[in-house]
There are 2 protein chains.
Amino acid sequence: MPRVVTIRTVAERAGCSIATVSRVINGSARTSAEVEARVRAAIEELGFRPSEIGRSLKTLRARTLGVVIPSLTNPVFAASVAGMEAEARRRHHTLLLTATDYDAAREPEVVETLVAQSVAGLVLTVTDADDNPTLDRLDAEGIAYVLIYNEPRRTERAAVSVDNAGATFALAKAMIAAGHRRVIYVAGRFATSDRARTRYLGYLAAMSEAGLAAEAPLELDYLADPAGHGAALAGVFGPPGRPTAALCSNDLLALSVMAALRALGLKVPQDVSVAGFDGIALAGAAYPSLATVDTPTRRMGERAVEKIFELLDGSAAPTLERLPFELRPGGTLAPAPDASPVASARRPDAASPSFPASPEPPSE
Amino acid sequence: MPRVVTIRTVAERAGCSIATVSRVINGSARTSAEVEARVRAAIEELGFRPSEIGRSLKTLRARTLGVVIPSLTNPVFAASVAGMEAEARRRHHTLLLTATDYDAAREPEVVETLVAQSVAGLVLTVTDADDNPTLDRLDAEGIAYVLIYNEPRRTERAAVSVDNAGATFALAKAMIAAGHRRVIYVAGRFATSDRARTRYLGYLAAMSEAGLAAEAPLELDYLADPAGHGAALAGVFGPPGRPTAALCSNDLLALSVMAALRALGLKVPQDVSVAGFDGIALAGAAYPSLATVDTPTRRMGERAVEKIFELLDGSAAPTLERLPFELRPGGTLAPAPDASPVASARRPDAASPSFPASPEPPSE
DNA sequence: CTGTTAGCGCGTTCAC
DNA sequence: GTGAACGCGCTAACAG
């Protein structure tokens, strides 16, 4: 079905040239009120919508933004994409959405696809933001992009993130303050998430500062059947002297870990305290509510899109930008069993331990 | 920054015409092995990627699919979009994603935007699939689209859904079988979801069949602060003789209702049983796990995209297609307090009432 | 203020 | 088997 009504149809109907029609549509130059009225009427009557394709071919830039995320199934990414969509729409752009399923090998191809569509810019979360040929290629070609959730060490890369290590440091300190001595860090596969690795560093710093022995991290694959988690967790939480707290690299994982611990007959938080990272909406609806790091997920998506446009119009250089986070108390984090809290005041409400008022970053 | 390497650059490098390059890329006609090799080498060396814009302008059809959903924040839609994305990628298409935030007034504009992009087809969830000028316009212009989650009465509209009324009927029956007499239906705003309305009919049928009085539905706005739910629920669950079960129009709402009930000092399921609809992943991670209707969310997205292509290549006519659902037992649905189950066998496991083996649709 | 015209990158006749 | 030429829908540069 060929396009029935084009700018030419409108021009004929309005009795003018296509250039004039274009001017009316884009307000790119003044036109007489009379002609403009005729053109608008023609557009209305014909139900004409200018083709974005035609415009893009001329402009060499589509009014679209490419988005690359690991998975929509994780509410963190769903929320940030929702923010991107709202902000993009505000600027008359549409999102081209792709997912890599946490597979680094898929990154180059989806970016190729997006670039072939002549997107105005890209927002992406990659498995590794520092050692990444795909990003190198974007740099080389001068294509605007903003990372989200990644926290590149190469700070000349534009990114919107949080202080992953600092937040985890603060969260681990809160666990330690609650009397936990054996705290284990549970992560999705490190290989597919530099966030998980960076957060682990925060955990290490907190344990070290408290003079506690860090445990080897437990890597789970949270794409696999959650049943698989049970076996792995049984190995760690089965033997005596088990950890009394599990610090998880993200909320989705934490909720899965909670279910697995319960299946093992362990009570949360009486036997094991649990905490997550991200602050997804459903963490608050869980019971007990999940202690976590609240990150501005939706706002990060909006901010990433704003940043793309700043890069495009040259009003800002690419920088790493960390948005504020907040520790969110939750019933899953309670004082350690048979352990009197070290110093500090007594905690009247075991279900809601108070966190330090402001996050404390690790000393660097 | 103009496009540096076009099909023309490749042609020069390979020492042939652009027509030949095009033929090699698309395999649209035979070329000599020698020339083909030169062309492929040139493409490789130059890192050439054909512009989708140029191709689309010629074809008058972009290799993109427009998606219109109420909100990405609801995991149901996030999961189905994930399915669409995977299936679209399999077919070398990309998704153009838009959200309406449950605002019917936004439907026409986002669809306009998508159509202006010359999408190959559309997948959408609308507030009302029967009385909908936007869909009428798509019909009139012969643009391929598939509804998802909507269940239009006008069955000549292509749709991928579940038996909303039948599933709710079965779920309500299970509640009644557990001894509940006062069951209240809790919905998001009916005005913004024909699913909520259709599901309500299933509830009514079950109550009627059991000779029970249906309650007026309780409409909550689950975009608003969940704190607002507390007040509304207090009005219903405060007075004596309160309902012993809440049948919620979707899982997200059900989880929110559970939290609100707890805040009111009511225990789930000891005081009030709760059930949802959709079968989002986190419903299983909740504690107690949420009793719900398990719908194939991701598969529905995949199926919708498959269907678009069937419509495009004329291999199938638009039809309403209902995918199978399953009742998922959960700890939130327990026998009614101080009520001995009517007839039926005793339930050994109060936390996991057994559902009827197969869903029973309402008699029509 | 308006019209004419030249492409943007590509696919596709139509000759050769 | 290959190339020249046209046009998809639109914007922008230039004439008038």
Side-chain angles (χ1 to χ4, degrees), chain A residues 1-40 42-43 46-64 92 112-113 115-120, chain B residues 1-40 42-43 46-64 92 112-113 115-120:
Chain A
M1 178 125 143
R3 200 177 175 82
V4 271
V5 35
T6 78
I7 197 172
R8 232 169 293 274
T9 329
V10 176
E12 282 172 25
R13 174 69 153 255
C16 66
S17 75
I18 61 171
T20 301
V21 175
S22 175
R23 283 190 270 258
V24 169
I25 294 172
N26 302 311
S28 48
R30 292 200 49 79
T31 52
S32 73
E34 189 214 356
V35 175
E36 172 167 349
R38 285 214 313 275
V39 169
R40 294 211 182 282
I43 290 177
L46 295 167
F48 172 69
R49 276 253 128 186
S51 157
E52 281 292 331
I53 301 280
R55 182 199 303 261
S56 303
L57 185 55
K58 186 66 193 172
T59 312
L60 295 184
R61 218 106 298 318
R63 292 200 287 203
T64 57
H92 306 291
E112 288 292 323
T113 310
V115 169
Q117 307 267 6
S118 307
V119 294
Chain B
M1 178 124 142
R3 200 175 173 86
V4 272
V5 37
T6 78
I7 197 171
R8 230 170 294 274
T9 330
V10 176
E12 282 172 24
R13 174 71 152 254
C16 68
S17 74
I18 62 169
T20 300
V21 176
S22 176
R23 283 191 269 258
V24 169
I25 293 174
N26 302 310
S28 47
R30 292 200 50 80
T31 53
S32 74
E34 189 215 357
V35 174
E36 172 166 350
R38 286 215 312 276
V39 169
R40 294 212 180 282
I43 289 177
L46 296 167
F48 172 68
R49 275 254 130 184
S51 156
E52 281 293 332
I53 299 281
R55 181 200 304 263
S56 303
L57 187 55
K58 189 65 195 171
T59 311
L60 295 185
R61 221 121 277 325
R63 292 199 287 204
T64 57
H92 307 291
E112 287 292 324
T113 310
V115 170
Q117 308 267 5
S118 306
V119 294

Legend entry - Residues forming a salt bridge (Lys or Arg N to Asp or Glu O under 4.0 Å) with B/Glu112, sequence neighbours excluded: A/Arg49, B/Arg137
Legend entry - Residues in side-chain hydrogen bond (donor to acceptor under 3.5 Å, both in side chains) contact with B/Thr9, at least two apart in sequence or another chain: none
Legend entry - End axis versus end axis in the helix from C/dC1-D/dG16 to C/dC16-D/dG1, the angle rounded to 10°, five pairs used at each terminus: 40°
Inset, instruction - Would you mind reading off the distance between A/Arg61 atom CZ and D/dT11 atom P, rounded to a whole angstrom? - result: 17 Å
Inset, instruction - Treat primed atoms plus P, OP1 and OP2 as sugar-phosphate and everything else as base, then score nucleotides 1-6 of chain C 5' to 3': B for base contact with protein heavy atoms under 4.0 Å, S for sugar-phosphate contact only, - for none. - result: SBBB--
Inset, instruction - Mind checking the OG1-CZ spacing from B/Thr31 to B/Arg40? Nearest 0.5 Å is all I need. - result: 7.5 Å
Inset, instruction - Name all residues meeting the salt bridge (Lys or Arg N to Asp or Glu O under 4.0 Å) criterion together with B/Arg8; count only those two or more places apart in sequence or in a different chain, and write none if there are none. - result: none
Legend entry - From CD1 (A/Ile53) to NZ (B/Lys58), nearest 0.5 Å: 14.0 Å
Inset, instruction - Provide, to the nearest angstrom, the distance between the CD1 atom belonging to B/Ile7 and the P atom belonging to C/dC8. - result: 13 Å
Legend entry - A/Glu52 CD to D/dC8 C1', straight-line distance once rounded to whole Å: 16 Å
Legend entry - Residue list, side-chain contact (heavy atoms from CB on, under 4.5 Å) with A/Arg63, at least two apart or on another chain: A/Glu52, A/Arg55, A/His93
Legend entry - Rounded interatomic separation in angstrom, taking CZ from B/Arg38 and C1' from D/dG1: 12 Å
Inset, instruction - Side chain of A/Thr6 only, please: which of D/dC10, C/dG9, C/dC10 is the nearest? - result: D/dC10
Legend entry - Length of the CD1-C1' vector between A/Ile25 and D/dT11, whole Å: 11 Å
Inset, instruction - Could you check which of C/dG11, D/dT11, C/dG9 has an atom nearest any side-chain atom of A/Ser22? - result: D/dT11
Inset, instruction - Please identify each residue that fulfils salt bridge (Lys or Arg N to Asp or Glu O under 4.0 Å) with A/Arg23, with sequence neighbours left out. - result: none
Legend entry - Qualifying residues under side-chain hydrogen bond (donor to acceptor under 3.5 Å, both in side chains), relative to B/Ser17, sequence neighbours excluded: B/Thr20
Inset, instruction - For A/Ile43 and D/dC10, give me the distance from atom CD1 to atom C1', rounded to whole Å. - result: 13 Å
Inset, instruction - Could you state the atom-to-atom distance from CD1 of A/Ile53 to C1' of D/dT11 in whole Å? - result: 15 Å
Legend entry - Touch class at under 4.0 angstrom, heavy-atom based, for B/Leu57 against every strand present: base
Inset, instruction - Applying side-chain contact (heavy atoms from CB on, under 4.5 Å), run through A/Ile43 and A/Ile25 and close with a yes or a no. - result: CA-CA 9 Å; A/Ile43 290 177; A/Ile25 294 172; 4.0 Å; yes
